[in-house]
Number of protein chains: 2
Amino acid sequence: MKPELTDRKLQILAAVVREYSETGEPVGSKSLAADLNLSSATIRNEMSDLAELGLLEQPHTSAGRVPTAKGYRLYVNQLMHRQPLSERDKREIDDMLPGQVEDPGVLAEAAARALAELTDCAAVTTTPADDQATVKQVRVLPLSRQTVVVAALTSSGLMKSRICLVEGGVTPDMLEKFIRFAEEQLYGLPLSDFQQGLTQTLAVQMGDLSLLPIMAALQETLASAAQAELLLQGQSNLLKHRRFGGEQAVRLLEFLSRGRPLLRILHHSGEGVQVVLGNETGEEALEHSGLVVSPYRVGDREMGSIGVIGPDRMDYEHIIPSLEYFAYRIGRLLSDALDEE
Amino acid sequence: MKPELTDRKLQILAAVVREYSETGEPVGSKSLAADLNLSSATIRNEMSDLAELGLLEQPHTSAGRVPTAKGYRLYVNQLMHRQPLSERDKREIDDMLPGQVEDPGVLAEAAARALAELTDCAAVTTTPADDQATVKQVRVLPLSRQTVVVAALTSSGLMKSRICLVEGGVTPDMLEKFIRFAEEQLYGLPLSDFQQGLTQTLAVQMGDLSLLPIMAALQETLASAAQAELLLQGQSNLLKHRRFGGEQAVRLLEFLSRGRPLLRILHHSGEGVQVVLGNETGEEALEHSGLVVSPYRVGDREMGSIGVIGPDRMDYEHIIPSLEYFAYRIGRLLSDALDEE
DNA sequence: TTTAGCACTCATGCAAGGAGAGTGCTAATC
DNA sequence: GATTAGCACTCTCCTTGCATGAGTGCTAAA
């Protein structure tokens with residue numbers, strides 16, 4: 001039958017996790033004896049119990065102990081206490097971000113770059129995307145004889161555009177008609193309305209099939225405005241961590257560059273800062289790695305995510321508050337740009 | 001005194017390069033004997049001469065020979081004959097690229113991704129950027145109480161925008177005034193005029209300092225439109241090549257993500273497809289790697305570059321024609337979008 | 001319940017030895 | 001005079017054996 005999970009056992013687990021995070025080596029009983037005022041033998045007994053509980057494991061018979069995923073999870077959820085960010089740290093982060101948002105994509109990229117540098121891990125952000133945002137402005141600009149550029153601005157401050165080929169050219173008449181239609185019928189509609197191909201319907205409604213290609217381009221533009229893009233930085237940092245050797249590194253980088261599966265993980269994590277252990281995702285490529293993820297929001301609307309990807313034994317106590325601050329700061333900057341309080 | 005560089009020596013050099021490219025192992029005299037209808041002893045003599053000429057070298061006394069940078073350069077310049085691309089290959093490439101340009105950035109990214117996948121190396125493209133392109137259209141769209149979005153379209157089909165904070169808000173009057181000014185004074189000017197901060201001058205010319213922030217945003221927008229962006233794909237492919245182990249891989253990836261130095265290399269390479277050997281660049285991070293680079297053009301104007309980054313012993317004979325075709329195709333697609341012939 | 005002591009288990013590092021690949025040189029051959 | 005066969009020599013790489021040391025589990029004493 002299972003041993004009981006006493007308070008002291010938890011303390012020992014925490015100590016093992018901390019030491020293991022620092023050194024990356026299995027931790028033995030002796031190295032903890034001093035810290036905890038107990039003999040190594042006592043600790044050995046306790047560790048043996050912890051192993052039985054599935055919280056620690058041994059790489060081989062005569063090595064020290066290493067926390068299991070379950071052990072780590074327990075630590076992260078209950079044992080860890082976050083190290084608050086100093087004012088200095090905050091200022092450092094502020095300095096790495098733009099003072100105001102000139103372009104949401106640029107902001108997201110700067111944030112990812114800063115976060116990667118700060119944590120020595122890979123960092124990922126999504127560009128702000130909100131399919132509840134609405135169509136704010138639409139413009140159609142002639143580019144060449146047979147092409148126009150369709151541009152759309154959303155209420156979330158995102159500007160997107162598409163080049164659109166119109167066989168036979170475009171007359172000023174057509175443009176005006178299109179713009180009028182857009183103003184009357186489309187302004188204020190949420191982007192989510194444009195995910196599916198309702199182009200046809202709209203074109204018919206417009207009563208002019210020659211505008212179909214422009215309508216199609218506009219729809220694609222709006223659809224893409226609702227789509228979050230993934231910005232990845234600091235992949236090379238991952239290689240520095242001994243944890244990712246050979247095969248594993250290739251798999252991990254390849255996974256990250258695939259984009260979609262990573263997006264899914266970002267979306268599925270909940271409210272505030274979340275720790276996701278690689279093993280828990282079922283993704284083979286994420287073995288031995290961990291993510292710390294947080295959404296950022298404008299007002300009470302989730303606009304995107306920011307996250308750190310590193311070895312599962314990264315320094316959560318420090319990274320979590322940093323990430324939290326990043327998310328807060330990004331939200332703040334975006335809100336400022338949109339005049340929202 | 002130096003041995004003469006006979007025809008047969010060149011043949012042997014070529015054979016060494018080819019075999020080395022395939023296997024990555026130093027190549028011995030025996031393995032070439034069969035191919036060239038000579039005894040291994042003869043080849044040994046010749047190889048010894050080639051070593052004296054600085055074209056081959058030995059990792060250690062009793063290993064086979066490896067081409068030096070000089071040897072590789074000679075091979076690339078004179079000995080290699082490109083393998084023409086099959087129609088099938090061309091179609092495959094066509095299928096991986098969009099059928100028409102909807103957005104230049106998307107095209108560049110798709111090309112990089114396709115190229116990386118095809119070559120199993122890293123690939124890089126720059127977004128089209130031409131500082132001789134001109135200002136085609138300018139728009140200012142109100143976003144919120146205190147912000148507007150300044151958008152600009154260039155003659156090269158690039159649409160860029162910036163969010164711009166205007167303390168105190170913006171009146172329709174101001175907007176109209178600004179647009180009129182832009183239409184009259186700025187349309188047709190080359191982007192290169194906006195690289196330096198001539199904002200002040202223009203604002204004074206405009207006679208209304210309250211428009212200064214908008215003018216500044218416009219200038220930044222136009223400056224950024226002249227700036228090529230770097231799109232990198234397939235970094236993880238590099239790790240698969242045994243050539244990049246440990247330290248070297250970190251340095252290389254880190255170098256790539258730095259961006260600027262890579263841009264410099266892309267810009268400095270000449271007319272058509274160029275092979276750049278890492279050693280020749282003086283960049284330590286590029287040791288053991290090679291680049292194949294080509295500009296792509298619209299009309300006779302260079303708009304950007306596309307390149308492959310891999311181990312210096314990559315398969316140039318195949319990669320060069322592929323890259324050439326990519327460059328041709330990108331140029332073609334862009335030309336189509338701009339109605340140029 | 002805690003601790004000291006001890007036998008036991010493995011990973012790791014190092015030295016020695018053998019196998020194999022490839023060379024350079026010399027002398028024979030075409 | 002160029003080419004080739006033969007051979008001694010040099011190095012790397014792999015294997016094996018052995019010593020070392022960290023760490024454990026168990027038992028018996030405190």
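Below, each value reflects all heavy atoms present in this structure, side chains not excepted, and no hydrogens, waters or symmetry copies. Per chain, numbering begins at 1; letters A, B, ... match sequence-line order.
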| field | Partner residues of Ser39(B) under the side chain to side chain contact (heavy atoms under 4.5 Å, CB included) criterion, sequence neighbours left out | value | Ala41(B), Thr42(B)

| request: Quick one: list whatever passes side chain to side chain contact (heavy atoms under 4.5 Å, CB included) with Ala111(B), sequence neighbours left out. | output: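 By the side chain to side chain contact (heavy atoms under 4.5 Å, CB included) rule, Ala111(B) matches Leu97(B), Thr125(B), Ile306(B), Phe326(B), Ile330(B).
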
| field | Set of residues satisfying side chain to side chain donor-acceptor pair (under 3.5 Å) with respect to His268(B), sequence neighbours excluded | value | none

| message | I'd like to check the side chain to side chain donor-acceptor pair (under 3.5 Å) partners of Asp312(A); sequence neighbours left out, ordered by chain and number. | response | Arg243(A)

Could you pull out the closest heavy-atom pair between [X] and [Y], with the gap in Å?
{"X": "Ala116(A)", "Y": "Asn237(A)", "value": "O-ND2, 3.2 Å"}
{"X": "Tyr20(B)", "Y": "Pro67(B)", "value": "CD2-CD, 3.6 Å"}
{"X": "Pro295(B)", "Y": "Gly272(B)", "value": "CD-O, 3.4 Å"}
{"X": "Ala285(A)", "Y": "Phe255(A)", "value": "CB-CB, 3.6 Å"}

| field | Members of residues 54-68 of chain A that approach DNA chain C, where some heavy atom sits under 4.0 Å away | value | His60(A), Thr61(A), Ser62(A)

| said: Using a strict heavy-atom distance below 4.0 Å, which residues from residues 17-24 of chain B are in contact with DNA chain C? | reply: none

| Taking the nucleotide of DNA chain D with the closest heavy atom to each, which residue, Thr42(B) or Met47(A), is nearer the 5' end? | Thr42(B)

| Salt bridge check: are Arg113(A) and Glu117(A) linked by an N-O gap of less than 4.0 Å? |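 Glu117(A) and Arg113(A): not salt-bridged.
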
| Are Glu25(B) and Arg242(B) ion-paired here, with the side-chain N under 4.0 Å from a carboxylate O? |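 Salt bridge flag = yes for Arg242(B) with Glu25(B).
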
| field | Axis bend over the full length of the helix from dT1(C)-dA30(D) to dC30(C)-dG1(D), computed from five pairs that close each end, to 10 degrees | value |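 It comes to 20° between the two terminal axes.
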
| query | In residues 28-36 of chain A, which ones come under 4.0 Å of DNA chain D, going by heavy atoms? | reply | Gly28(A), Ser29(A)

| request: Applying salt bridge (Lys or Arg N to Asp or Glu O under 4.0 Å), name anything that partners Lys70(B), two or more places apart in sequence or on another chain. | output: none

| field | Residues which pass salt bridge (Lys or Arg N to Asp or Glu O under 4.0 Å) with Glu317(B), listed by chain and number, not counting sequence neighbours | value | Arg18(B)

| Roughly, in whole Å, what's the span from CG in Asn37(A) to C1' in dT1(C)? | 16 Å

| field | Between dC30(C) (P) and Leu38(B) (CG): distance, integer Å | value | 17 Å

| query | What pairs meet the salt bridge (Lys or Arg N to Asp or Glu O under 4.0 Å) rule with one or both residues in residues 251-261 of chain A, with sequence neighbours excluded? | reply |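 Every salt bridge (Lys or Arg N to Asp or Glu O under 4.0 Å) pair that includes a residue of residues 251-261 of chain A, provided the two are not neighbours, is Glu254(A)-Arg258(A).
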
| field | Side-chain touch Thr119(B)/Met314(B), heavy atoms, less than 4.5 angstrom | value | no

| message | In the structure I gave you, are the side-chain heavy atoms of Tyr72(A) and Arg313(A) within less than 4.5 Å of one another anywhere? | response | yes

| remark: Students should find that the nucleotides of DNA chain D closing off the region near chain B, any atom under 4.0 angstrom from a heavy atom, are dT3(D) to dT12(D)

